[in-house]
Amino acid sequence: MVFFAIPFTKPPELKGTLELPGLLSWMAFGDINAHIKGINEFPAADIPPLWLTFVSFHNMVVLGMYFILITIVASYKLWKKTLYDTRWLLKLFIWSIPLPLAACQLGWIAAEVGRQPWIVYGLLKTAQAQSINVSAGEILFSIVLFGIIYLLLGGLYIYLLVREVKHGPQRANV
Amino acid sequence: MDLRIIWFWMVGILIIGYAILDGFDFGVGILSLFARDEKERRLHMNAIGPVWDGNEVWLLTGGGALFAAFPVVYAAVFSGFYIALMLLLAALIFRAVSFEFRGKVDSSVWRRVWDLAFGIGSLLPAVLFGVAIGNILHGVPIDASGTDVGSFLEMLNPFSIGVGVLSLVLFVMHGAIYLADKSEGDLQTRCRTRASQAWMLFVVLYIVMTIWSWIGSPFLFENSLQNPLFYILFVVLIGAIVFLPIVLKSGKMGRAFLISSLLIAAMLGEMALSLFPRLVPSSIDLSNSLTIYNASSTPLTLKTMLIIALIGIPCVIGYSVFIHYVFRGKIELTEESY
């Protein structure tokens, strides 16, 4: 498995690689000698849109690493009893609130785009799985309908969240 | 016994359970549109607050059971009724959110908006439930390949709208009885009056719709009239219809609720029996109909699903009974209420 590399296209190769051979084979099949098929070994018709899959997956992993890192730093500061005096870290945490949601969506995009053109891998292609008696107009109607509903509810959610935060925690009765 | 017959009734029982359980909370939601003041509106919401989401599980299990046991029906109906289902989902989303959002901001406009979301979000599903059943009883334009070639506007035919109104009236009656059981004083008195009025409307509509289906969908009465179960259910149904106003008058609201639940079960049971073995009759050619024989999964799937269902359904019934037991008695409004 390659942990870090800079990809070049002409000629196609990776430079500055940091890798542990056999790790991905072990993770996927429980056997360090198992063969992991490269993307170039699949027929062109079975390859998902690569750019979106690559970017969303890698950014999800980057965010995950970032969460681990700031948690380790904060745990260390907590142990040293200086966490609540480290203003920059506390501010960073506040600004990081939306990031898990972003990571979640990126992972979802990677899974949904990355499994194309299959809807059930090896059995059924997305193109074969569509409803033949639902028109494009009807699909558009439902997408617009739910798009509006979710934007509305999302907006209200943020409005209520900000209100609650500004309101502050309730003082306990002493 | 044939697994496909077992699954026909399994799906039937889940739909009946859904109608009984979500039926009363739709009814209470619709009645909340006519509540007199803030306290009454909160009473409506809190009467079903602890139970409504558990009730909706029955819709999911019903849909899931249909998907597992009769995938061809699931595909035809869920794609064929696409727009209706999307509207149903939209209504259920607003209804669900209204519980949580309503009390969050102290403004009368804000509360009014969510009251409407709660009321209309209950009314629309109550009507659509009947419209969907009306379409099944009327027959759906299924072609020779098993595809529903109808449109949303065709779904809104007079017969199906009639069944939609019937289910609206039935759920209002059922909900009014439930709310009468959960409330006291003036509200309880009005709920009892509304339940009696809805009962009268229901009787008239039920007779009209039965005659209409006798004329419009004669195939419903072909096999069922030979089945002794049809007459047993008929006696139960008539018994429930006749006894309901008597029990309502006596003021035993818990018992009235059981009778109206029995009424719904017998009525939907009767409908299922008249459809059997068809699941979706075709209005183009009856031989295109989807039946338990041409639309079912493989025996292995049916067997596996049966084992899962026999473990799952008692769990759902168990927690439904438990939550109703925990929140038994009259509604009390506290700081923590909706």
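Predicted, not measured: the structure shown is a model, and the values here were computed from it. FYI, side chains are in, hydrogens and waters are out, and symmetry mates aren't considered; it's all heavy atoms of this structure. Letters go in sequence order (proteins before strands), and every chain restarts at 1.
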For residues 96-109 of chain A, please give each side-chain donor-acceptor pair under 3.5 Å, one per line with the distance, not counting sequence neighbours.
residue: Ser96(A); atom: OG; partner: Tyr66(A); partner atom: OH; Å: 2.7
residue: Ser96(A); atom: OG; partner: Leu92(A); partner atom: O; Å: 2.6

Interatomic spacing from CG in Asp143(B) to CG in Asn133(A) - rounded to 0.5 Å
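With rounding to 0.5 Å, CG (Asp143(B)) is 8.5 Å from CG (Asn133(A)).
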More than 12 heavy atoms of other residues, nucleotides or ligands under 6.0 Å from [atom1] of [X]: is that the case?
X: Asp106(B); atom1: CG; result: no
X: Phe152(B); atom1: CZ; result: yes
X: Phe57(A); atom1: CZ; result: no

Which residues from residues 69-89 of chain A are near chain B, with near meaning under 4.5 Å between non-hydrogen atoms?
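Within residues 69-89 of chain A, no residue comes under 4.5 Å of chain B, counting heavy atoms only.
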For chain A, which residues from residues 75-87 of chain B have at least one heavy atom closer than 4.5 Å to it?
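The list, in residue order, reads Ala76(B), Ser79(B), Gly80(B), Tyr82(B), Ile83(B), Met86(B), Leu87(B).
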Over all heavy atoms of both residues, which pair between Lys104(B) and Arg163(A) is shortest? Give the atoms and the distance, please.
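Answer, listing the atom of Lys104(B) first, then Arg163(A): O-NH2, 3.5 Å.
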Using atom types as modelled, flag every donor-acceptor pair under 3.5 Å from a side chain in residues 149-159 of chain A to any protein atom, sequence neighbours excluded.
none

